Asker: 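One structure is given below, represented as structure tokens, and several questions about it will come after.
Start at 1 and go down the list; that is how both ligands and their atoms are numbered. Computed from a predicted model, the values in this text were never measured in an experiment.
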Amino acid sequence: MKIILVGYGRMGKAVEAAALRRGHSVAAKVDPVAEDAGVAGTLTPDLLKNADAVIEFALPQGIETNTSLYAEAAVPAVIGTTGWEDRRETVAASVIRDGGTVLWGNNFSVGAHLLFKLTAEISRLTEKLPDYDIMIHEFHHKMKKDSPSGTALTLAEKVLENNHRKTVVQTQTLNRAVRPEELHVVGIRGGFLPGVHTVTVDGPFDTVELTHTARSRDGFALGAVMAAEWLIGKKGFFRVEDFIDDLFRKEL
Ligand SMILES: NC(=O)c1ccc[n+]([C@@H]2O[C@H](COP(=O)([O-])OP(=O)(O)OC[C@H]3O[C@@H](n4cnc5c(N)ncnc54)[C@H](O)[C@@H]3O)[C@@H](O)[C@H]2O)c1
């Protein structure tokens with residue numbers, strides 16, 4: 001595949017390496033700030049011509065403009081950019097209206113998807129055990145701009161879908177007792193960690209902790225390239241889970 005990288009920061013560079021390792025080529029890189037050689041400052045319809053796929057790890061401000069350019073150019077796009085939950089439905093509607101192809105995900109690491117599945121299961125099991133409470137925390141490097149992380153919000157979604165005692169995701173600092181229906185989700189920032197997510201299930205006598213630790217960005221990058229391979233030939237607005245569920249079905 002000829003891939004266009006939109007966003008050439010830490011993740012863009014990791015995706016480039018993963019794409020080359022899987023035998024793809026990088027046709028163009030776009031980033032308004034990156035000073036590396038061969039990086040275009042602006043995304044234009046011309047750049048998208050002749051590309052097989054776009055992989056975007058950028059910042060959420062450009063999401064509407066970028067996704068409509070991808071749809072207009074009929075280039076399938078994998079979006080790893082996080083922090084646009086508030087615009088998800090508008091973007092989905094315009095991608096579908098314009099006949100485009102977008103797959104988005106808050107986490108492209110296969111290991112993190114194992115944590116999502118385990119979180120769904122433990123949330124379901126503890127629904128009938130009201131003494132066991134659930135909470136989520138995550139650590140990320142000091143440069144990360146959104147908090148809590150998109151992955152933490154996806155974990156929260158899994159809890160709410162499977163444990164009906166929890167109905168509200170609470171991301172604020174609490175200067176009062178947490179309510180039983182609130183799921184407290186907290187992001188901690190500092191250092192260089194590429195991402196550590198923990199779901200804690202705590203009862204009166206014991207604690208169960210499920211943790212995913214990313215050791216580098218390579219797992220996210222590989223997942224994004226594999227998702228782009230999967231997306232070729234499809235039409236519509238997909239979640240990374242559509243690709244992962246297919247992968248788990250084939251591998252297991
Ligand atoms: N989905 C996942 O698996 C996953 C994993 C890691 C990071 N992320 C997300 O990916 C994004 C990028 O992370 P990062 O660590 O590479 O950040 P980064 O700050 O290192 O790089 C982001 C780059 O995007 C560029 N950019 C901003 N707006 C742009 C636009 N409109 N077009 C093109 N480039 C643009 C910036 O100049 C910057 O160089 C963040 O939203 C992060 O949360 C997602």
Asker: Flag Gly80 as yes when one of its N or O atoms lies below 3.5 Å from any N or O atom of ligand 1, and as no otherwise.
Answerer: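 Between Gly80 and ligand 1 (N or O atoms, distance only) the closest approach is under 3.5 Å.
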Asker: Test Phe139 against His137 for ring pair (Phe, Tyr, Trp, His ring centres under 6.0 Å), laying out the working first.
Answerer: CA-CA 7 Å; Phe139 291 98; His137 73 258; 5.8 Å; yes
Asker: Any N or O on Arg10 sitting closer than 3.5 Å to an N or O of ligand 1?
Answerer: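 Such a contact does occur with ligand 1.
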Asker: Applying ring pair (Phe, Tyr, Trp, His ring centres under 6.0 Å) as the test, list every pair that has at least one member in residues 148-207; sequence neighbours left out.
Answerer: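 Ring pair (Phe, Tyr, Trp, His ring centres under 6.0 Å) check on residues 148-207 returns His140-His197.
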Asker: Determine, using heavy atoms of Pro32 and all atoms of ligand 1, whether some pair is separated by less than 4.0 Å.
Answerer: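 Per 4.0 Å heavy-atom rule, Pro32 contacts ligand 1.
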Asker: Could you pull out all residues at least two apart from Glu16 that satisfy salt bridge (Lys or Arg N to Asp or Glu O under 4.0 Å)?
Answerer: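 Checked Glu16 against salt bridge (Lys or Arg N to Asp or Glu O under 4.0 Å); matches are Lys29.
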Asker: Tell me whether ligand 1 is touched by Lys144 - counting only heavy atoms on the residue side and a distance under 4.0 Å.
Answerer: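 Lys144: in contact with ligand 1 (<4.0 Å).
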Asker: Less than 3.5 Å between some nitrogen or oxygen of Thr82 and one of ligand 1, yes or no?
Answerer: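 Such a contact does occur with ligand 1.
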Asker: Indicate yes or no: does an N/O atom of Asp31 lie under 3.5 Å from an N/O atom of ligand 1?
Answerer: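 Min N/O separation from ligand 1 is below 3.5 Å for Asp31.
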Asker: Check if Gly105 has a non-hydrogen atom at a distance under 4.0 Å from any atom of ligand 1.
Answerer: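 It does, in that a heavy atom of Gly105 comes within the 4.0 Å cut-off of ligand 1.
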Asker: Asp133 pairs by salt bridge (Lys or Arg N to Asp or Glu O under 4.0 Å) with which of Arg165, Lys166, Arg179?
Answerer: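 Answer after filtering Arg165, Lys166, Arg179: Lys166.
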Asker: Does some non-hydrogen atom of Asn107 fall short of 4.0 Å from ligand 1?
Answerer: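 Heavy atoms of Asn107 do come under 4.0 Å of ligand 1.
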